[in-house]
Every structure is written in structure tokens, then in C-alpha cells.
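Only heavy atoms go into these numbers, but all of them, side chains included; no hydrogens, no water, no symmetry mates.
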Number of protein chains: 2
Amino acid sequence: MLEFLRHIETIYPISSKSEEALVAISKEHEYKKGTNVQDIGHTCKTIYFVKSGVVRVYYYKDAIDITESFEFENAFVARAESLFTGKPSQKAIEAIEDTTMIAIDSYRLFNLFDNHPDLERLFRKIIESSYVSTVQRIESLQFNTAEERYKSLLKASPNVLKRIPLKYIASYLGITQVSLSRIRGAK
Amino acid sequence: MLEFLRHIETIYPISSKSEEALVAISKEHEYKKGTNVQDIGHTCKTIYFVKSGVVRVYYYKDAIDITESFEFENAFVARAESLFTGKPSQKAIEAIEDTTMIAIDSYRLFNLFDNHPDLERLFRKIIESSYVSTVQRIESLQFNTAEERYKSLLKASPNVLKRIPLKYIASYLGITQVSLSRIRGAK
DNA sequence: GTAACTATTTATCATATGATAAATTCAATC
DNA sequence: GATTGAATTTATCATATGATAAATAGTTAC
């Protein structure tokens with residue numbers, strides 16, 4: 001749990017009482033490569049923190065597997081559209097490597113907010129930065145070519161390329177696996 | 001200000017003291033059709049609430065005007081990437097119709113959060129739902145065709161079509177104006 | 001109400017990406 | 001370490017969308 005608390009401190013430092021309360025509703029879990037952390041159709045009641053490994057969020061469009069996002073060490077993952085609305089999610093979370101995650105019970109977390117305003121602030125800030133990166137992603141999908149998107153991903157997160165199968169990267173970029181391969185080949 | 005407070009109540013009801021504090025840092029402004037509410041290069045220190053009218057957020061890519069989003073009555077607008085990072089924004093906000101907005105001073109708002117946790121919760125919820133819609137927009141840009149995107153926009157917000165010039169809708173959908181015209185014509 | 005300007009449509013041609021299939025490389029399992 | 005299956009690349013053809021230009025429709029300002 002120490003890494004978890006250390007990472008949180010870089011976002012927004014919270015009191016030791018709040019730390020204790022947060023730890024009390026959090027549990028560490030391990031997932032083998034290739035297994036689902038959460039399944040499609042399940043209502044999201046957990047916010048995860050990736051301690052080690054990588055996960056992806058994916059869904060199906062016309063029976064085709066589409067990767068919505070990746071999350072590496074020291075990042076939070078949840079299926080916001082289900083977490084914040086209470087509806088079943090159309091997405092799944094899968095471990096791409098053997099992954100250790102810290103699972104935070106969202107129901108109990110939201111209840112903590114009443115007596116721990118610093119926790120609410122922490123999670124507000126987490127959502128804020130997720131929001132900012134999501135908006136940037138829209139810009140990239142709106143008018144950049146597939147090649148531009150690939151190159152800026154490569155520049156921004158070279159580790160993605162090293163640790164993630166290309167087929168997942170392709171759908172993340174909004175193109176087919178074959179197209180991505182062609183773009184890489186073109187040099 | 002009444003509509004403003006009434007709308008807020010539908011998101012998360014706040015105490016009357018918090019209402020007062022919020023009103024104290026908010027001001028009503030009017031913008032003529034076609035004028036910029038905020039310019040490119042300006043650091044965003046204001047959160048706007050659209051009372052009447054429509055605005056769009058836009059930026060330039062290779063000297064081409066791209067509309068990132070529209071906001072109608074009873075919606076909040078801000079340039080998050082600047083507001084939350086303190087950096088100058090690469091985007092502008094423009095009134096598409098004569099528009100009345102309520103401008104909330106973000107610096108003073110964030111300071112209020114310490115003594116008004118209900119205000120912080122309100123704005124956390126506002127960001128949460130913005131985040132959810134942004135993620136849905138990514139899905140639509142990731143693997144839907146231009147025609148699918150146009151049709152679902154038409155279905156989801158028929159008023160967009162009525163009140164927004166097509167050239168703005170085109171770039172919002174990630175296509176050129178000419179392509180959008182073709183898609184509409186194809187019928 | 002006309003002139004000037006802007007928005008939208010239509011047409012033509014070019015190109016990036018999709019779809020499909022096959023070949024190759026890589027990885028996992030016994 | 002050979003076999004099997006999965007991931008990636010390569011090739012071919014089809015198509016949606018881009019780029020450009022010109023025509024038409026609609027709006028604004030005097």
C-alpha cells in the first residue's frame with residue numbers, strides 16, 4: 001500500500017486519518033495476464049490503482065474488440081460511465097501483463113467524502129486530470145491522420161509500444177491492425 | 001441568477017450560504033453573435049454557465065478552424081486544459097448566437113471549496129458528467145464512420161442541427177464541410 | 001432591394017484506410 | 001525443441017473521405 005499512498009501524495013496530500021480510512025476500504029488483488037479484472041455487463045463499483053503491470057479497457061463494436069484505453073503503473077482505472085451513473089458497463093477491464101492492483105470500494109469511498117473533504121478533493125483532482133487527457137485524445141482523433149496519431153503516441157509513451165500488442169494499439173488509435181502495420185512499415 | 005441556481009439544484013443541492021457565496025463570485029455577461037468570449041492564448045480563469053444562446057470552443061490546426069464542442073442553455077463551459085493546469089489555452093470560446101453567460105471566477109471558486117465542501121461536491125459532479133460525455137465522444141470518433149457520427153448527433157441533439165452552422169458541425173464530427181454536405185445529400 | 005459576402009452544395013480527382021486473404025514471424029505448450 | 005496457435009506483416013482491391021474548384025443558395029449591410 002505504500003507506493004499507493006506515496007503516489008497519492010504527489011497528486012494531493014491527505015491527512016493520516018484520511019489515509020487510514022482509504023486503506024481500510026482498499027484491497028490488493030492480482031490478475032494473471034490475459035484475464036478479465038471486470039467483465040462486460042457488470043456495474044462498476046470499484047476504482048482501481050495499478051501497482052504493477054498494465055491493463056486495458058475494451059468493448060465490442062460489431063463483434064470487434066476495441067481498446068479504449070491502457071493504464072500502466074501508478075494510474076487509476078475505472079469505467080466512469082458505469083461508476084458515475086450506476087448502470088452496467090458495456091466495457092471490460094483486462095490485465096495485459098500479470099498485474100497487481102489496489103481495488104477501492106467506490107460506494108464506501110463516496111461515503112467517506114462527507115467526513116474527509118481532503119479525500120473528495122484528491123479524487124476531484126484525479127478526475128480533472130483524466131478529463132484533460134480525454135479532451136486531448138479527442139483532438140487527436142478529430143483531425144490527425146492515423147500516422148500522426150501513431151507517431152505522437154510513440155513519442156508521448158514509448159513504453160506503450162514496448163509492452164502492448166499492436167492489435168490493441170491499433171484499435172486504440174482508431175484504425176485496423178493491418179493499417180497500423182502498414183504505417184509502421186512505410187517508415 | 002435564478003435559473004442558474006435552479007439548474008445547479010438539479011445536479012447537487014447546496015446550502016443557501018453556499019449559494020450566496022457562489023453568487024458573490026459570479027457575474028452575468030452578454031456576448032454578441034460571432035464575438036469571442038475568450039481568446040486563444042488567454043489563460044482560463046473563468047467557468048461559464050450558458051444562460052441563453054450557444055457557444056462553441058474552437059482551435060486552429062494548420063490554420064484550419066476546428067470546433068471542439070458546443071454548449072447550449074444550462075450547460076457549463078470552460079477550457080479545462082488551461083483551467084486545471086494554469087497554462088495559456090490554445091482554444092477560444094465564441095458566441096454562435098447572442099448569448100448570456102454567467103461567469104464564475106475560478107480562483108475564488110476553488111478557494112471557496114475549503115469552507116464549502118458542498119460546492120466542491122457540486123463541481124466534482126459537474127466534472128464527472130463532463131468526463132463521461134467526453135469518453136462517449138471518443139468512442140464515437142474511434143470507430144464510427146462520419147455518417148454514423150452525423151446520424152447519432154442528429155438523433156441525440158436535433159437542436160444542434162437547427163442552431164449551428166454546418167461548417168462548425170463538420171469539424172466537430174471530425175470531417176470537412178464538403179464531406180458533411182455530401183453525407184447529408186446522399187440521403 | 002441590391003450588392004457584397006458567406007454558407008452550402010455539387011462535381012472531379014487523389015489518397016488514406018478498410019476488407020480480405022495469404023505469408024511470415026513470434027510465442028506458448030507439451 | 002517440435003508443434004500449434006497467435007500476432008504481425010505484406011499484398012490486392014474497394015471505398016470513404018480529403019482537396020480543390022465552381023455553382024448555388026442564403027445572409028447582411030448599406
Side-chain angles (χ1 to χ4, degrees), chain A residues 31-36 53-54 56 58 60-67 70 94-99 138-154 158 160-187, chain B residues 31-36 53-54 56 58 60-67 70 94-98 138-154 160-187:
Chain A
Y31 299 91
K32 281 279 161 208
K33 175 177 179 169
T35 60
N36 268 3
V54 204
R56 70 181 184 115
Y58 70 97
Y60 289 99
K61 194 212 166 192
D62 305 336
I64 292 172
D65 174 322
I66 298 180
T67 295
F70 309 110
E94 179 191 294
I96 292 185
E97 300 174 354
D98 289 354
T99 298
I138 286 188
E139 286 166 36
S140 132
L141 285 167
Q142 222 179 349
F143 269 105
N144 288 359
T145 62
E147 189 177 350
E148 287 170 325
R149 277 175 268 150
Y150 172 71
K151 287 193 173 156
S152 52
L153 177 67
L154 204 128
V160 169
L161 269 289
K162 287 176 198 141
R163 294 168 64 183
I164 312 269
L166 285 177
K167 58 176 178 171
Y168 297 151
I169 296 176
S171 66
Y172 174 80
L173 292 173
I175 52 177
T176 62
Q177 186 180 355
V178 174
S179 273
L180 178 56
S181 188
R182 176 164 38 197
I183 286 167
R184 283 157 55 85
K187 180 56 205 11
Chain B
Y31 299 92
K32 281 280 161 206
K33 174 174 179 171
T35 59
N36 267 2
V54 204
R56 70 181 184 114
Y58 69 97
Y60 290 99
K61 194 214 166 190
D62 304 336
I64 292 171
D65 173 323
I66 298 181
T67 294
F70 309 110
E94 179 192 296
I96 292 184
E97 302 174 352
D98 289 353
I138 287 188
E139 287 167 35
S140 132
L141 286 167
Q142 222 178 349
F143 269 104
N144 289 357
T145 64
E147 190 178 350
E148 286 171 324
R149 277 175 268 149
Y150 172 71
K151 286 194 173 156
S152 52
L153 176 67
L154 204 128
V160 169
L161 269 289
K162 287 175 198 141
R163 294 169 63 183
I164 311 266
L166 285 178
K167 58 175 179 173
Y168 296 153
I169 297 177
S171 66
Y172 173 81
L173 292 173
I175 54 178
T176 61
Q177 185 181 355
V178 174
S179 274
L180 178 56
S181 189
R182 176 163 40 197
I183 286 167
R184 283 157 55 84
K187 182 57 205 1

J.: Has B:Arg184 got a side-chain N or O lying under 4.0 Å from the OP1 or OP2 atom of C:dT9?
T.: yes
J.: Could you state the atom-to-atom distance from CG of A:Leu180 to P of D:dT8 in whole Å?
T.: 9 Å
J.: Across the strands shown, which category fits A:Gly174 at heavy-atom distances under 4.0 angstrom: base, sugar-phosphate, nothing?
T.: sugar-phosphate
J.: Can A:Asp98 and A:Lys32 be counted as an ion pair, charged N to O under 4.0 angstrom?
T.: yes
J.: In terms of the nearest nucleotide of DNA chain D, which residue is placed more toward the 5' end: B:Arg149 or A:Gln177?
T.: A:Gln177
J.: Could you give the CZ-to-P distance, from A:Arg182 to D:dA14, as a whole number of Å?
T.: 15 Å
J.: Write down the distance between OH (B:Tyr168) and C1' (C:dA7), rounded to a whole number of angstrom.
T.: 10 Å
J.: If you take the centroid of each ring, where Trp contributes its six-membered ring, are B:Phe70 and B:Tyr168 closer together than 6.0 Å?
T.: no
J.: What integer distance in Å separates B:Asn144:CG from C:dT17:C1'?
T.: 16 Å
J.: What integer distance in Å separates A:Asp62:CG from C:dA19:P?
T.: 10 Å
J.: Measure CG/B:Leu173 against P/D:dA16 and give the value in whole Å, please.
T.: 17 Å
J.: Taking C-beta and beyond as the side chain, do B:Lys61 and A:Asn144 meet within less than 4.5 Å on heavy atoms?
T.: yes
J.: Under 4.0 angstrom, heavy atoms only, what part of the nucleic acid is A:Thr176 near: base, sugar-phosphate, or nothing?
T.: sugar-phosphate
J.: Do the non-hydrogen side-chain atoms of A:Ile66 and A:Tyr60 ever get within less than 4.5 Å of each other?
T.: no
J.: Looking at B:Ser179, does any N or O in its side chain come under 4.0 Å of the phosphate oxygens OP1/OP2 on D:dG18?
T.: yes
J.: Nearest-Å distance, NZ (A:Lys167) to P (C:dA27)?
T.: 13 Å
J.: Using distance alone, with no hydrogens and no angle criterion, decide if A:Tyr58 and A:Asn36 have a side-chain donor and acceptor under 3.5 Å apart.
T.: yes
J.: Quick check for you: among D:dT17, C:dT17, C:dA19, whose closest atom lies nearest to any side-chain atom of A:Val178?
T.: C:dA19
J.: Measure NZ/B:Lys33 against P/C:dT6 and give the value in whole Å, please.
T.: 13 Å
